[in-house]
There are 2 protein chains.
Amino acid sequence: MAALKPDQLDAVARFFRVLAEPTRLAILQELRRNPRTVNELVESLGAKQANVSKQLGILFDAGLLDRKRSGNSVVYSIREPAIFELCEIVCGKLKRDAEKRYAAFAGKPRR
Amino acid sequence: MAALKPDQLDAVARFFRVLAEPTRLAILQELRRNPRTVNELVESLGAKQANVSKQLGILFDAGLLDRKRSGNSVVYSIREPAIFELCEIVCGKLKRDAEKRYAAFAGKPRR
DNA sequence: TGATTGTATCGCTGATTGGCAATATAGTGA
DNA sequence: TCACTATATTGCCAATCAGCGATACAATCA
């Protein structure tokens with residue numbers, strides 16, 4: 001891949017920042033199972049409505065979610081399933097690191 | 001993939017945050033081409049030494065870089081090439097989004 | 001030893017932002 | 001119209017953090 005210019009690096013960084021927040025990741029994870037209304041997310045996450053709404057807005061603005069009104073409610077759903085590839089890669093790395101630390105500490109029970 | 005628990009979401013978010021910074025991305029991009037000393041990075045990035053050193057520390061602590069002394073200098077190199085997969089995925093999405101916005105604005109020259 | 005170069009750390013500041021309570025807006029039904 | 005529910009927005013506070021100058025630490029050489 002060609003070298004990214006400063007503006008592009010900014011855009012990539014801004015995108016990663018969207019994913020750099022536990023509440024937003026929890027929302028994505030929940031929506032991965034099923035589309036949800038704001039209230040359903042508020043309940044299942046145990047977070048405040050204002051905050052869930054704010055974080056949903058950030059995820060939506062980043063182009064990660066779809067949104068549609070359903071009567072009185074608003075239903076959010078995943079627009080970009082590719083983001084979960086990102087999470088898989090990161091989880092894989094974190095897991096490997098954890099195993100490595102454990103092996104070094106406990107004397108390599110190794111896998 | 002199984003649902004991640006709050007602690008795991010925290011860890012993933014913390015990892016993404018490391019990538020959510022243009023200077024750090026620039027460093028990774030530079031190191032992808034070749035291992036570099038701190039001073040070489042300072043020159044090629046046009047950033048202050050203190051800041052480059054700080055950001056290198058953050059990348060190193062995240063397990064993304066290797067570090068070795070070479071005489072008076074310290075040479076950093078990529079430890080986890082997998083991170084570039086992440087960047088590719090993000091770049092791909094940003095590019096698609098940009099194309100979509102352009103098509104909608106200019107009347108679908110399409111692709 | 002002291003001088004020089006390369007790197008890391010410290011203290012600070014300004015900017016960003018997650019979370020909150022309060023309030024505004026939107027849709028539904030009476 | 002009014003009451004009710006669902007969602008979004010606003011103003012605020014505390015925490016985080018990139019970037020900076022100054023300085024400490026480390027390695028080399030004279």
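A, B, ... follow the sequence lines: proteins, then strands. Residue 1 opens every chain.
- Put simply, Gln55(A) has a side-chain N or O that comes within less than 4.0 Å of OP1 or OP2 on dG19(C).
- For Asn72(A) against dT5(D), a side-chain-to-base donor-acceptor contact under 3.5 Å is present.
- Leu86(B) places a side-chain heavy atom less than 4.5 Å from the side chain of Phe15(B).
- Of the two residues contacting DNA chain D, namely Asn51(B) and Asn51(A), the nearest-nucleotide position lying further toward the 5' end is that of Asn51(A).
- Side-chain N/O atoms of Thr23(A) include none lying less than 4.0 angstrom from OP1 or OP2 on dG18(C).
- Between the NZ atom of Lys48(A) and the P atom of dT7(D) there is a distance of 16 Å, rounded to whole Å.
- Distance from the side chain of Arg17(B) is smallest to dC17(D) among dA8(C), dC17(D), dG18(C).
- With hydrogens and angles ignored, a donor-acceptor pair under 3.5 angstrom links the side chain of Gln49(B) to the base of dA8(C).
- At the heavy-atom level, Arg14(A) lies nowhere under 4.0 Å from the strands shown.
- Salt-bridge check for Glu21(A) with Arg14(B): failed, with every basic side-chain N at 4.0 Å or more from each acidic carboxylate O.
- The side chain of Arg24(A) approaches dG18(C) more closely than any other nucleotide in the set dG18(C), dA21(C), dA8(D).
- Atoms CD (Glu21(A)) and P (dT16(D)) sit 13 Å apart, rounded to a whole Å.
- Across all their heavy atoms, Leu31(A) and Leu56(A) have their closest contact at CD1-CD2, 4.5 Å.
- Listed pair Tyr76(A) / dA8(D) meets the phosphate criterion, a side-chain N or O lying under 4.0 Å from OP1 or OP2.
- Among the nucleotides dA8(C), dG19(C), dA6(D), the one closest to any side-chain atom of Ser73(A) is dA6(D).
- Leu41(A) comes within 4.0 angstrom of no nucleic acid atom, judged by non-hydrogen atoms across all strands.
- Look at CG on Asn39(A): it is 14 Å from C1' on dG27(C), rounded to the nearest Å.
- Taking a cutoff of 4.0 Å between a charged side-chain nitrogen and a carboxylate oxygen, Glu43(A) and Arg36(A) do not qualify as a salt bridge.
- A salt bridge is defined here as a Lys NZ or Arg NE, NH1 or NH2 lying under 4.0 Å from an Asp or Glu carboxylate O, and Lys93(A) with Asp97(A) meets this definition.
- If you find the closest nucleotide of DNA chain C to Ala50(A) and to Ile58(A), the one lying nearer the 5' end belongs to Ile58(A).
- Counting any heavy atom pair closer than 4.0 Å across all strands shown, Ser53(A) reaches a base atom.
- Taking atom CZ of Arg69(A) as the reference point, atom P of dT25(C) lies 14 Å away to the nearest angstrom.
- The NZ-C1' distance, from Lys54(A) to dT23(C), rounds to 15 Å in whole Å.
- Ile58(A) contributes atom CD1, which lies 11.5 Å from atom CG of Leu19(A) (distance to the nearest 0.5 angstrom).
- Atom CZ in Phe60(A) sits roughly 15 Å away from atom P in dT7(D) (whole-Å rounding).
- Here dG18(C) presents its P atom at 12 Å from CG of Leu25(A), a figure rounded to the nearest Å.
- The interatomic distance linking Lys68(B) (NZ) with dA26(D) (C1') rounds to 18 Å, in whole Å.
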